[in-house]
Amino acid sequence: GNMSSAKKVFDEMIERSSVSWTALIDGYVKAGNLSVAKGLFDLMPEKDTAAYNVMIDAYVKLGWMGLARSLFDAMPERNVVSYTSMIDGYCSSGDLGEARLLFDTMPERNLFSWNAMIGGYCQNVQPQEALRLFHELQAQSNFEPDDVTVVSILPAIADLGTSELGNWIYHYVRRKKLDSSSNVCTALVDMYAKCGEIEKAKSVFNDIKVKVTSVWNALINGLAINGLAEEALELFLEMKHQGIEPN
RNA sequence: GGGAGCAUUACCAUCAA
């Protein structure tokens with residue numbers, strides 16, 4: 001995040017590749033300085049796809065889909081990153097139709113693009129569509145769900161309250177050793193609790209080797225929403241007893 | 001043969017609206 005040093009090095013360079021331009025532009029974007037980023041982008045002599053992608057994603061994260069779309073349409077060549085950024089943006093703005101249109105028409109997809117579309121349905125509370133795409137990912141693509149896919153899909157299953165699907169994910173997680181991710185574990189505990197399977201939630205919790213705060217939170221909340229207030233309080237005390245800081 | 005720039009999950013909890 002040290003933009004003044006980055007700029008200094010950049011200014012001292014004899015030759016600047018498109019990689020150095022793009023790295024600097026993205027630095028300004030991530031530092032929240034869009035106007036400087038845009039100024040550099042406009043100055044950049046030969047803008048390649050990655051440079052356009054950085055600017056598109058900057059607009060996307062601000063929710064400015066009109067500007068993002070203008071660049072997307074204007075750029076000479078679009079790659080899978082360009083499409084995935086746009087899909088992410090449309091999903092975040094609630095325009096699932098436009099997102100899906102891009103997803104269906106993009107020349108090639110990777111796991112990022114699948115995850116973006118699946119996550120989009122989840123966050124717009126369309127768990128059934130999310131699950132349909134999740135199955136399609138496994139049946140009709142060369143990719144396998146990863147920890148990101150699982151963390152996206154579990155809240156959708158929790159919304160539906162159907163733990164049979166959750167059980168399938170649970171076994172998948174164990175088979176693929178995805179339970180080394182705290183986010184995956186947290187999402188599993190949460191899912192079982194929201195499906196009313198509090199014993200299963202506890203059992204998943206107990207199997208977790210390294211319990212970070214969010215895992216404790218998930219089970220404490222799970223006990224609470226299942227009417228087990230006393231157990232929730234006990235677990236909270238146990239957590240403090242073990243030296244885990246409540247947040 | 002190797003390497004540098006861009007996209008997807010973190011809501012699980014709390015607080016705020």
Side-chain angles (χ1 to χ4, degrees), chain A residues 6 9-10 13 16-30 37 40-41 44 47-61 68 71-72 75 77-92 99 102-103 106 108-123 125 130 133-134 137 143 145-156 158-159 178 181-194 201 204-205 208 211-225 232 235-236 239 244-247:
Chain A
V9 173
F10 182 83
M13 292 171 78
R16 297 178 186 113
S17 67
S18 45
V19 174
S20 37
W21 277 94
T22 306
L24 189 69
I25 293 169
D26 192 49
Y28 280 113
V29 168
K30 297 296 191 296
L40 280 166
F41 177 75
M44 184 172 173
K47 303 173 185 48
D48 65 2
T49 304
Y52 275 97
N53 289 345
V54 166
M55 283 309 299
I56 286 173
D57 197 55
Y59 290 142
V60 159
K61 293 300 186 287
L71 277 184
F72 180 80
M75 66 196 292
E77 287 182 353
R78 286 154 287 272
N79 64 14
V80 63
V81 177
S82 330
Y83 278 91
T84 303
S85 266
M86 291 299 294
I87 288 168
D88 175 42
Y90 282 125
C91 287
S92 300
L102 287 178
F103 182 79
M106 64 195 291
E108 63 157 309
R109 299 172 192 157
N110 61 17
L111 193 53
F112 281 59
S113 12
W114 281 94
N115 285 345
M117 198 62 234
I118 291 171
Y121 282 124
C122 293
Q123 291 189 335
V125 204
L133 210 57
F134 180 77
L137 164 65
F143 307 106
D146 66 356
D147 56 327
V148 173
T149 325
V150 166
V151 173
S152 302
I153 203 84
L154 279 171
D159 282 345
L178 297 176
S181 154
S182 293
N183 293 331
V184 169
C185 295
T186 304
L188 275 172
V189 170
D190 179 64
M191 181 275 297
Y192 276 126
K194 286 183 177 160
V204 171
F205 176 86
I208 299 171
K211 296 183 180 69
V212 298
T213 303
S214 59
V215 175
W216 290 87
N217 289 341
L219 188 57
I220 291 169
N221 183 249
L223 290 164
I225 63 176
L235 192 65
F236 175 69
M239 170 185 173
I244 312 286
E245 267 306 301
N247 65 8

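The chains referred to below are lettered A, B, ... by the order of the sequence lines, with proteins before strands, and numbering in each begins at 1. What you see below is based on every heavy atom in this structure, not just the backbone, and it leaves out hydrogens, waters and symmetry mates.
Residue A/Asp190 places no side-chain atom within donor-acceptor reach of the base of B/A13, judged by atom type and a 3.5 Å distance cut-off alone. No N or O donor and acceptor, one from the side chain of A/Asn53 and one from the base of B/G5, sit under 3.5 Å apart.
One interatomic measurement links the two molecules: CG of A/Leu219 to P of B/C12, which rounds to 15 Å at whole-angstrom precision. Taking atom CZ of A/Phe205 as the reference point, atom C1' of B/A13 lies 13 Å away to the nearest angstrom. As rounded to whole Å, 21 Å separates atom P of B/G5 from atom OH of A/Tyr52. The separation between A/Tyr121 atom OH and B/U8 atom C1' is 15 Å, rounded to whole Å. The nearest whole Å value for the distance from the CH2 atom in A/Trp216 to the C1' atom in B/C11 is 20 Å. Between the CE atom of A/Met191 and the C1' atom of B/A13 there is a distance of 18 Å, given to the nearest Å. In this structure, CD1 of A/Ile225 is placed 8 Å from P of B/A13, rounded to the nearest angstrom. For the pair A/Asp88 CG and B/C6 C1', the computed distance is 13 Å after rounding to whole Å.
When distances are taken from the side chain of A/Val19 to each of B/U9, B/A4, B/C6, the shortest belongs to B/A4. Side-chain proximity of A/Val54 to B/A13, B/C6, B/A7: nearest is B/C6. Listed nucleotides: B/U8, B/C12, B/G5. Nearest to the side chain of A/Lys194: B/C12. Listed nucleotides: B/A7, B/G5, B/A13. Nearest to the side chain of A/Val80: B/A7. Comparing B/G5, B/U9, B/A7 by their closest approach to the side chain of A/Asp48 singles out B/G5. Candidate nucleotides B/U8, B/C12, B/C6 were compared by shortest atom distance to the side chain of A/Asn79, and B/C6 ranks first. Here B/A13 is the nucleotide among B/C12, B/A13, B/U9 with the atom lying nearest to any side-chain atom of A/Asn247. You'll find that the side chain of A/Val81 is closest to B/C6, out of B/U8, B/C6, B/A13. Side-chain atoms of A/Phe112 lie closest to B/U8 of the nucleotides B/A13, B/G5, B/U8.
Looking at heavy-atom distances under 4.0 Å, A/Ala23 makes contact with sugar-phosphate atoms alone, never a base. Within the nucleic acid shown, A/Pro155 comes within 4.0 Å of sugar-phosphate atoms alone, with no base atom in reach, counting heavy atoms only. Using a 4.0 Å heavy-atom distance criterion, A/Ser18 is classed as a base contact. Base contact: A/Asn110 has a heavy atom under 4.0 Å from a base atom. Across all strands, A/Ser214 comes closer than 4.0 Å to base atoms (heavy-atom distances).
Taking 4.0 Å as the cut-off between side-chain N and carboxylate O, A/Lys61 and A/Asp88 count as a salt-bridged pair.
Note on A/Lys211: every side-chain N or O is 4.0 Å or more away from OP1 and OP2 of B/C12. The phosphate of B/A7 (OP1 or OP2) has a side-chain N or O of A/Lys30 nearer than 4.0 angstrom. Phosphate proximity of B/C12 to A/Asn221: absent, as no side-chain N or O sits under 4.0 Å from OP1 or OP2.
A donor-acceptor distance shorter than 3.5 angstrom exists from the side chain of A/Ser113 to the backbone of A/Asn110, with no hydrogens or angles considered. Listed for the A/Arg16 side chain is no donor-acceptor partner under 3.5 Å among the backbone atoms of A/Trp21. Under the 3.5 Å distance criterion, the side-chain polar atoms of A/Arg109 are left unmatched by any main-chain donor or acceptor of A/Met106.
Between B/C15 and B/C11, the two C1' atoms lie 14 Å apart (nearest whole Å).
Side chain to side chain, A/Ser20 and A/Ser17 meet the donor-acceptor criterion of an N or O pair below 3.5 Å. Between the side chains of A/Asn79 and A/Asn53, at least one donor N or O sits under 3.5 Å from an acceptor N or O. No hydrogens or angles considered: a donor-acceptor pair under 3.5 Å links the side chains of A/Thr149 and A/Asp146.
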